[in-house]
Amino acid sequence: MPLQIAAEHEGARSVIGDQNFNRDVRFKEFAHPAVLKLSAVSIVGPAFFLAFSMLGFVFQTTYLAIEKELKLRQAMTMNGLYDSAYWLSWLAWEGVM
């Protein structure tokens, strides 16, 4: 921004032809009336995002409980599946979902 202001100053000075041309540039906040802004996102947003993040946790614990009730992991272990492969596939699948 300072480079742009300097370039505009030199351009204006050369167009006007006055070597002593001086202009003072300052930033000022745009004047507007104070307005109270209410939005649905600011009111309902935090509760929605909390519920949305809890929903994934509920699904994960539900699936884990169903697998435990059906003893799927024990059946897969009896068929030769390593526990590390089971948990890695479970984490990969839940990470994708």
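All of these numbers come straight from a predicted model, not from anything done at the bench.
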Rounded at 0.5 Å granularity, tell me how far CD in Gln74 sits from CE in Met78.
9.5 Å
Starting from Met54, walk the hydrophobic network (Ile, Leu, Val, Met, Phe, Trp, Tyr; side-chain heavy atoms closer than 4.5 Å) and list everyone else you reach, by chain and number.
Leu50
Verify same cluster id: Met76, Leu70 (apolar side-chain graph, 4.5 Å):
yes
Interatomic spacing from CD in Gln60 to CG in Leu55 - rounded to 0.5 Å:
10.5 Å
Can you measure from CG (Asp83) to OG1 (Thr77) and round to the nearest 0.5 angstrom?
5.0 Å
In this structure, NZ of Lys68 is separated from CZ of Arg73 (nearest 0.5 Å) by 6.5 Å
Measuring from atom CZ of Phe57 to atom CD of Glu94, what distance do you get when rounded to the nearest 0.5 angstrom?
11.5 Å
Are the side chains of Trp90 and Leu64 in contact, using a 4.5 Å heavy-atom criterion?
yes
Tell me whether Val58 shares a hydrophobic cluster with Leu91, the cluster being built from Ile, Leu, Val, Met, Phe, Trp, Tyr side chains joined at under 4.5 Å.
no
Which heavy atom of Pro46 sits nearest a heavy atom of Ser42, and at what distance?
CD-O, 3.9 Å
Which Ile, Leu, Val, Met, Phe, Trp or Tyr residues join Phe48 in one cluster when any pair of side-chain heavy atoms under 4.5 Å counts as a link?
Phe49
Does any part of the side chain of Asn20, heavy atoms only, come nearer than 4.5 Å to the side chain of Arg13, both counted from C-beta?
no
Any chain of hydrophobic side-chain contacts (each under 4.5 Å) joining Trp93 to Leu81?
no
